[in-house]
A.B. asks: 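Here it is, the structure in full.
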Amino acid sequence: TDLMTALVLVFIVLFFYTYMTSFYSKIQGEMEQKKASEALEETLKEQNIDANIDDVTGVVKISDLELFDINSYELSARGKKYLDKFAPVYFDSIFKNEYLNKNVEKIIIQGHTDSQTFRGKYSADEQYMKNMELSLKRAYAVAEYMTNTPYNKQNGNKLRKMIIVEGASFSTPIIVSGKEDFSKSRRVELKVVMKK
């Protein structure tokens with residue numbers, strides 16, 4: 001029984017050590033990601049680039065009015081000018097940050113629409129899918145343009161393996177005071193997904 005007690009005790013110590021190491025690593029990673037988000041936000045402010053960055057997740061939200069004309073997925077002149085400034089700062093800040101450079105697995109560029117309906121007789125499913133198509137085309141237009149801006153091209157091969165384009169239709173509207181804020185719902189989000 002002494003041997004069994006010793007084995008159980010060793011198992012408990014190993015389990016606790018593994019758990020604490022994993023927990024500490026997760027906390028450290030979250031702190032590093034938060035620092036990187038804060039650094040990106042500061043750099044964007046220094047460059048006079050307006051972007052909404054979530055302090056916790058680091059998700060960057062760009063209003064579609066900044067990028068597109070109404071009901072269009074082609075970048076406006078204003079949108080191209082914005083991305084000419086934003087993209088190099090965004091990509092270079094990821095690759096210059098040692099923690100992000102090593103740990104970012106994907107950069108998701110995700111388009112969103114509001115829940116207003118298209119004109120015509122479309123079912124709810126057809127409305128959703130028309131908005132899905134619009135959100136996907138907008139995300140693709142942003143990704144295509146961003147990868148052609150003058151960011152540090154030595155990171156190009158790595159970047160091409162990271163970028164994913166998604167459409168989200170109106171599945172995650174922005175709600176303000178109990179109502180959808182249509183202008184805030186229409187947006188493009190950039191998310192970094194960390195390695196596990």
A.B. asks: If only atom types and distance count, is the side chain of Ser76 paired as donor or acceptor with the main-chain N or O of Leu67 below 3.5 Å?
C.D. replies: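 Yes; at least one donor-acceptor contact below 3.5 Å.
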
A.B. asks: Might you confirm whether atom NZ of Lys85 has over 12 heavy atoms from other residues, nucleotides or ligands at distances under 6.0 Å?
C.D. replies: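 It does: Lys85 NZ has more than 12 such atoms within range.
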
A.B. asks: For the CE atom of Met146 and the CG atom of Leu159, what is their distance to the nearest 0.5 Å?
C.D. replies: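 If we round to the nearest 0.5 Å, Met146:CE and Leu159:CG are 8.0 Å apart.
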
A.B. asks: Suppose we screen for side-chain contact (heavy atoms from CB on, under 4.5 Å). Which residues come up paired with Lys81, at least two apart in sequence or across chains?
C.D. replies: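 None.
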
A.B. asks: Under the ring pair (Phe, Tyr, Trp, His ring centres under 6.0 Å) rule, collect the residues that match up with Phe86, sequence neighbours excluded.
C.D. replies: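 Expected list: Tyr82, Tyr90.
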
A.B. asks: May I have the list of side-chain donor-acceptor pairs in residues 166-178 shorter than 3.5 Å, sequence neighbours left out?
C.D. replies:
residue : atom : partner : partner atom : Å
Glu166  : OE1  : Gln110  : NE2          : 2.7
Ser169  : OG   : Tyr128  : O            : 2.8
Ser169  : OG   : Met132  : N            : 3.4
Ser171  : OG   : Ala168  : O            : 2.7
Thr172  : OG1  : His112  : ND1          : 3.1
Thr172  : OG1  : Arg187  : NH2          : 3.3

A.B. asks: Using salt bridge (Lys or Arg N to Asp or Glu O under 4.0 Å) as the criterion, list what pairs up with Lys191, not counting sequence neighbours.
C.D. replies: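 Scan of Lys191 (salt bridge (Lys or Arg N to Asp or Glu O under 4.0 Å), adjacent residues dropped) gives Glu189.
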
A.B. asks: Do Val59 and Ile53 have side-chain heavy atoms sitting under 4.5 Å apart?
C.D. replies: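 The answer is no; the side chains never approach within 4.5 Å.
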
A.B. asks: Could you tell me whether the side chain of Ile164 reaches within less than 4.5 Å of the side chain of Ile107, counting heavy atoms only?
C.D. replies: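 No, every pair of side-chain atoms sits at 4.5 Å or beyond.
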
A.B. asks: Return each pair, listed once, that meets salt bridge (Lys or Arg N to Asp or Glu O under 4.0 Å) where at least one residue sits in residues 138-148; pairs must be two or more places apart or across chains.
C.D. replies: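 Those involving residues 138-148 are Asp64-Arg138.
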
A.B. asks: Quick check: closest heavy atoms across Leu75 and Ala141, and the distance to 0.1 Å?
C.D. replies: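 For Leu75 versus Ala141, the nearest heavy atoms are CD1-O, 3.7 Å.
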
A.B. asks: For the atom pair CD1 (Ile62) and CZ (Arg186), what is the distance rounded to the nearest 0.5 Å?
C.D. replies: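 One gets 15.5 Å once the value is rounded to the nearest 0.5 Å.
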
A.B. asks: Ignoring hydrogens and angles, tell me if any N or O in the side chain of Lys195 forms a donor-acceptor pair with the backbone of Lys102 under 3.5 Å.
C.D. replies: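 Yes, the answer is positive, given that a donor and an acceptor are paired below the 3.5 Å cut-off.
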
A.B. asks: Counting only N and O atoms by type, is there a donor-acceptor contact under 3.5 Å from the side chain of Glu126 to the main-chain atoms of Ser123?
C.D. replies: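 Indeed, once roles are kept as given, a pair shorter than 3.5 Å links the two residues.
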
A.B. asks: Would you say Asn52 and Val60 make side-chain contact, with heavy atoms under 4.5 Å?
C.D. replies: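 Sidechains of Val60 and Asn52: no contact.
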
A.B. asks: Counting C-beta onward and ignoring hydrogens, is there a side-chain heavy-atom pair between Val165 and Leu136 closer than 4.5 Å?
C.D. replies: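 SC-SC contact between Val165 and Leu136 confirmed.
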
A.B. asks: Nearest 0.5 Å, what's the CG-CG distance between Leu83 and Asn148?
C.D. replies: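 CG of Asn148 is found 11.0 Å from CG of Leu83.
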
A.B. asks: Could you state the interatomic distance from CG (Asp50) to NZ (Lys45), rounded to the nearest 0.5 Å?
C.D. replies: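 The distance works out to 10.0 Å.
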
A.B. asks: Mind checking the OG-CD spacing from Ser93 to Glu41? Nearest 0.5 Å is all I need.
C.D. replies: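 Going from the OG atom of Ser93 to the CD atom of Glu41 covers 12.0 Å.
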
A.B. asks: Could I get the full list of side-chain contact (heavy atoms from CB on, under 4.5 Å) partners for Asn157, not counting sequence neighbours?
C.D. replies: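 Expected list: Arg160, Lys161.
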
A.B. asks: Show the nearest heavy-atom pair for residues Ser183 and Ser63, with the distance to one decimal.
C.D. replies: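 It is O-OG, 4.3 Å.
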
A.B. asks: Could you list all the ring-ring contact (aromatic ring centres under 6.0 Å, His included) pairs where at least one residue sits in residues 53-75, not counting sequence neighbours?
C.D. replies: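 Qualifying pairs: none.
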
A.B. asks: List for me each residue that meets side-chain hydrogen bond (donor to acceptor under 3.5 Å, both in side chains) alongside Asp92, sequence neighbours excluded, and say none if there are none.
C.D. replies: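 Residues passing side-chain hydrogen bond (donor to acceptor under 3.5 Å, both in side chains) with Asp92: none at all.
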
A.B. asks: Using atom types as modelled and distance alone, determine if a side-chain donor or acceptor of Asn131 lies under 3.5 Å from a backbone N or O of Gln127.
C.D. replies: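 Looks like yes, one N/O pair under 3.5 Å.
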
A.B. asks: Please list all pairs passing the ring-ring contact (aromatic ring centres under 6.0 Å, His included) test where one or both residues lie in residues 174-196, with sequence neighbours left out.
C.D. replies: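 Passing the test, one end in residues 174-196: no pairs.
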
A.B. asks: Are Ile108 and Val188 connected, step by step, through hydrophobic side chains (Ile, Leu, Val, Met, Phe, Trp, Tyr) whose heavy atoms are closer than 4.5 Å?
C.D. replies: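 Ile108 does not cluster with Val188.
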
A.B. asks: Is there a donor in the side chain of Asn101 and an acceptor in the side chain of Lys158, or the other way round, less than 3.5 Å apart?
C.D. replies: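 On atom types as modelled, these side chains qualify, holding a pair under 3.5 Å.
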
A.B. asks: With a cut-off of 6.0 Å (strictly less than), are more than 12 heavy atoms of other residues, nucleotides or ligands near OH of Tyr140?
C.D. replies: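 No - once you tally the heavy atoms of other residues, nucleotides and ligands closer than 6.0 Å, there are 12 at most.
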
A.B. asks: At their closest point, which heavy atom of Val104 faces which heavy atom of Met194, and how far apart are they?
C.D. replies: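 So the two residues come closest at CG2-SD, 4.0 Å.
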
A.B. asks: Can you name the side-chain hydrogen bond (donor to acceptor under 3.5 Å, both in side chains) partners of Asp69, sequence neighbours left out?
C.D. replies: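 With neighbours one apart ignored, the set is empty.
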
A.B. asks: My understanding is that only residues two or more places apart in sequence, or in another chain, count here; which of them pass side-chain hydrogen bond (donor to acceptor under 3.5 Å, both in side chains) with Gln116?
C.D. replies: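 For Gln116, the residues satisfying side-chain hydrogen bond (donor to acceptor under 3.5 Å, both in side chains) (neighbours in sequence not counted) are Asp114.
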
A.B. asks: Counting only heavy atoms not in Glu46, do more than 12 fall under 6.0 Å of its CD?
C.D. replies: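 Count over threshold, so yes.
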
A.B. asks: Kindly write out the residues that satisfy side-chain contact (heavy atoms from CB on, under 4.5 Å) with Glu74, not counting sequence neighbours, or none if the list is empty.
C.D. replies: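 side-chain contact (heavy atoms from CB on, under 4.5 Å) check on Glu74 returns Ser72.
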
A.B. asks: How many angstroms lie between atom CG of Asn103 and atom CD of Glu98, to the nearest 0.5 angstrom?
C.D. replies: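 Asn103 CG to Glu98 CD: 9.5 Å, rounded to 0.5 Å.
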
